[in-house]
Engineer: 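I have a structure I would like to understand better, so I am pasting it below and will then ask my questions one at a time.
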Amino acid sequence: MAEPRETVDQAVILAGGRGTRLMPLTAHTPKPMIPFHGKPFVEYLVEELRDAGVHRILMLLGYLPETIRSHFGSGSRWGVRMDYDVTDPDDETGVRLRHACDRLDSLFLLMYCDNYWPLQLDRMLDSFHRHPGILGQITVYANTDGYSRDNVRVAPDGMVEQFDKSRTAPNLRGVDIGYMLMRTEAVGSTPDGNVNFEREVFPRLVSAWKLAAYRTEHRYYSVGAPERLPATARFLERRNTIILDRDGVLNEKAPRADYVKNWGEFRWKPGAKQAMVELKRAGYRIILITNQAGIARGVMTEQDLADIHARLTRELEQMGGGLDAIYHCPHDWDAGCDCRKPKPGMFFRAQREHDLDLSRTYYIGDDERDEQAAHAAGCRFLMVRPGESLLDIVCGQVLAC
């Protein structure tokens, strides 16, 4: 019988710095306690840890520690157990981790207090256990949009080839965002002195082929710098959003290998328009994501598609519905692009442009490729099955009308 897979029940949050880049906001408030929509940033981290099944949290504090301790206390209000370890505000991360070393589980989740990313703990653990013998795994944002400065390079097999805290080395591609699975053995290798854990330990792990990466295209959000705060506020607003496939969900599908090439061929499915109205009445943002290989195959043009979508949108608006955004892939079946479903490229583009949390967003489709795309993007998935309508799904599972 196979041994049960190792799990994680402890998160350690590095939350001790002065947050000098955020002055004067941090003159009397530690960085992780900056409020968004009525609660401090770090509370969102605590809630997502609890929801992922991590119920023991150790906060490594330094600057204004009582502000954080008095807010969270024992953690019982959030359904977790909160513990604290306090060192000097000017201590680096290496000192904080060494000081708390005897309080760490053999495998724990290490997080920065100023980054939020939709936690995918099960997938991270699957990735971690595909690399026997490693001592750590960092989560790396792909950064294809140039959102931040790269500081890491990852090999095709998922092992980290280079980590550069200074972000100056050539050929870096990706950003360490925290959400690290770490073994205490890695902490034990931290040299003496007031050293930064990542700067000193990660390159050693890379050289020993002991550091892996979990790669993500879902943007992270931060309170690390003033220019990040507006997007973080939009993201943490968590506006209700639904993503829809088009053919087979809103309209009748054309026969296999054929396409809806113009508005005259577009046929609404029963209940689809009313479903869109119900979503708008409920305050949902609605985004359409659709494959349209007919463009690459030469049976229709981009202008044909734009005309269909303009008329579709106009009809919905006349009824009180509407669409907030439309994304389409014009490429052929075997083009190898990143946008054609079941690949998730269009989802991540929508995520970045609308500051979505895909882990809280439903995608409604009608076939297996849609389900695969939703899984790859980290969305929740609902399928319109034969004999069902979009209205059935919206009223029965989304809105409970």
Side-chain angles (χ1 to χ4, degrees), residues 4-19 22 25-26 28-89 91 93 95-125 139 177-184 187 220-224 232-233 235-238 240 357 359-360 380:
R5 188 183 72 167
E6 191 176 12
T7 59
V8 168
D9 188 51
Q10 183 191 44
V12 178
I13 302 179
L14 293 162
R18 294 182 181 274
L22 289 172
L25 293 176
T26 50
H28 305 289
T29 303
K31 177 170 58 176
M33 295 298 289
I34 291 175
F36 291 87
H37 311 294
K39 59 186 178 184
F41 181 81
V42 71
E43 190 170 326
Y44 291 93
L45 302 184
V46 169
E47 290 172 344
E48 78 161 341
L49 288 168
R50 175 203 60 206
D51 294 345
V54 180
H55 294 103
R56 294 165 45 242
I57 301 172
L58 176 61
M59 291 269 202
L60 305 188
L61 307 179
Y63 179 62
L64 301 176
E66 286 307 315
T67 306
I68 296 175
R69 284 200 293 205
S70 63
H71 181 81
F72 288 105
S74 68
S76 59
R77 176 181 160 194
W78 290 268
V80 299
R81 193 186 89 190
M82 299 285 290
D83 293 301
Y84 309 92
D85 194 273
V86 182
T87 57
D88 190 87
D91 283 340
T93 53
V95 177
R96 300 192 199 284
L97 284 164
R98 281 201 317 264
H99 191 266
C101 193
D102 61 354
R103 305 176 68 179
L104 305 178
D105 286 0
S106 60
L107 179 65
F108 63 96
L109 179 65
L110 179 61
M111 298 169 61
Y112 303 135
C113 70
D114 54 2
N115 283 350
Y116 184 104
W117 168 77
L119 177 60
Q120 300 177 346
L121 187 56
D122 286 343
R123 297 188 191 189
M124 291 165 61
L125 283 165
T139 295
I177 64 171
Y179 291 85
M180 303 169 264
L181 293 172
M182 282 290 150
R183 295 204 179 275
T184 50
V187 175
Y220 67 103
Y221 291 82
S222 175
V223 292
T232 300
F235 175 78
L236 292 176
E237 183 184 8
R238 291 173 172 168
N240 285 334
D357 184 340
S359 71
R360 296 172 176 268
R380 305 172 181 182

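Numbers here are sequence positions counted from 1.
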Engineer: Which atoms form the tightest heavy-atom contact between Thr232 and Ser222, and what is the distance?
Structural biologist: OG1-O, 2.7 Å
Engineer: Looking only at non-hydrogen atoms, find the nearest pair between Leu121 and Ala52 and report the distance.
Structural biologist: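 Minimum heavy-atom separation between Leu121 and Ala52: CD2-O, 4.1 Å.
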Engineer: Would Thr139 and Met180 count as a side chain to side chain contact (heavy atoms under 4.5 Å, CB included) if you check the C-alpha gap in whole Å, the side-chain angles of each, and the deciding distance to 0.1 Å?
Structural biologist: CA-CA 6 Å; Thr139 295; Met180 303 169 264; over 6 Å; no
Engineer: Once rounded to the nearest 0.5 Å, what's the spacing between atom CG of Leu236 and atom OH of Tyr44?
Structural biologist: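 The CG atom of Leu236 sits 5.0 Å away from the OH atom of Tyr44.
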Engineer: Nearest 0.5 angstrom please: Thr184 OG1 to Phe108 CZ, how far?
Structural biologist: 7.0 Å
Engineer: With rounding to the nearest 0.5 Å, note down the distance linking CE in Met111 to CE in Met59.
Structural biologist: 9.0 Å
Engineer: Compare all side-chain heavy atoms of Val8 with those of Leu181 and state whether any distance is below 4.5 angstrom.
Structural biologist: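 Yes, at least one pair of side-chain atoms sits under 4.5 Å.
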Engineer: Between Glu6 (side chain only) and Leu107 (backbone N and O only), is there a donor and an acceptor less than 3.5 Å apart?
Structural biologist: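 Checking the backbone N and O of Leu107 against the side chain of Glu6, no donor-acceptor pair under 3.5 Å is found.
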Engineer: Would you name the heavy atoms of Asp357 and Pro118 that are closest together and state the gap between them?
Structural biologist: OD1-CG, 3.3 Å
Engineer: Roughly how far, to the nearest 0.5 Å, is the CZ atom of Phe36 from the CD atom of Glu237?
Structural biologist: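 Rounded to the nearest 0.5 Å, the CD-CZ separation comes out at 12.5 Å.
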Engineer: Between Phe41 and Tyr116, how do the two ring planes meet: parallel, tilted or perpendicular, split at 30° and 60°?
Structural biologist: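 The rings of Phe41 and Tyr116 stand perpendicular, inter-plane angle above 60°.
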Engineer: Quick one: which of Ile68, Leu109, Leu110, Leu49 gives a side-chain contact (heavy atoms from CB on, under 4.5 Å) with Ile13?
Structural biologist: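 Result for side-chain contact (heavy atoms from CB on, under 4.5 Å) with Ile13: Leu49.
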Engineer: Does Trp117 offer a backbone N or O that forms a donor-acceptor pair with the side chain of Tyr179 under 3.5 Å?
Structural biologist: yes
Engineer: Show, in sequence, the C-alpha distance, side-chain angles and deciding distance for Val187 and Cys101, and conclude whether the side chain to side chain contact (heavy atoms under 4.5 Å, CB included) test is met.
Structural biologist: CA-CA 7 Å; Val187 175; Cys101 193; 3.9 Å; yes
Engineer: Just how far is it from atom NZ of Lys31 to atom CG of Asp114, taken to the nearest 0.5 Å?
Structural biologist: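 Nearest 0.5 Å value for the NZ-CG distance: 4.0 Å.
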Engineer: Within a strict 4.5 Å, meaning less than it, do heavy atoms of the His55 and Arg50 side chains meet?
Structural biologist: yes
Engineer: Checking Arg96 side chain against Asp91 main chain: does a donor-acceptor pair fall under 3.5 Å?
Structural biologist: yes
Engineer: Less than 4.5 Å apart, any side-chain heavy atom of Leu58 and any of Leu104?
Structural biologist: yes
Engineer: So which atom in Gly53 and which in Asp9 form the shortest heavy-atom distance, rounded to 0.1 Å?
Structural biologist: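 Answer, listing the atom of Gly53 first, then Asp9: O-OD1, 3.8 Å.
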Engineer: Is there side-chain contact between Ile57 and Arg81, with at least one heavy-atom pair below 4.5 Å?
Structural biologist: no
Engineer: Give, for atom OG of Ser74 and atom OH of Tyr84, the distance between the pair rounded to the nearest 0.5 Å.
Structural biologist: 7.5 Å
Engineer: Output all residues satisfying side-chain contact (heavy atoms from CB on, under 4.5 Å) with Val86, sequence neighbours left out; order by chain, then residue number.
Structural biologist: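 Listed in chain order: Leu61, Pro65, Arg69.
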Engineer: Report the C-alpha distance between Leu60 and Thr87 in whole Å, list the side-chain angles of each, state the deciding distance to 0.1 Å, and finish with yes or no for side chain to side chain contact (heavy atoms under 4.5 Å, CB included).
Structural biologist: CA-CA 8 Å; Leu60 305 188; Thr87 57; over 6 Å; no
Engineer: Please report the closest heavy-atom contact between Leu45 and Cys113, naming both atoms and the distance.
Structural biologist: CD1-O, 3.7 Å
Engineer: Using side-chain contact (heavy atoms from CB on, under 4.5 Å) as the criterion, list what pairs up with Arg18, not counting sequence neighbours.
Structural biologist: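 Checked Arg18 against side-chain contact (heavy atoms from CB on, under 4.5 Å); matches are Thr20, Tyr63, Pro89, Asp90.
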Engineer: Is the side chain of Thr26 donor-acceptor paired with the backbone N or O of Gly19 at a distance under 3.5 Å, no angle test?
Structural biologist: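 Yes: the side chain of Thr26 pairs with the backbone of Gly19.
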Engineer: Return yes when atom NE2 of His28 has more than 12 non-hydrogen atoms of other residues, nucleotides or ligands closer than 6.0 Å, and no otherwise.
Structural biologist: no
Engineer: Do His71 and Glu43 pair up side chain to side chain, a donor and an acceptor below 3.5 Å, judged on atom types alone?
Structural biologist: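 On atom types as modelled, these side chains qualify, holding a pair under 3.5 Å.
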Engineer: His37 side chain to Ala233 main-chain N or O, any donor-acceptor pair under 3.5 Å?
Structural biologist: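 Side chain of His37 to backbone of Ala233, a donor-acceptor pair under 3.5 Å: yes, one is there.
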Engineer: Verify, without hydrogens or angle tests, whether Gln10 (side chain) and Arg56 (backbone) share a donor-acceptor contact under 3.5 angstrom.
Structural biologist: no
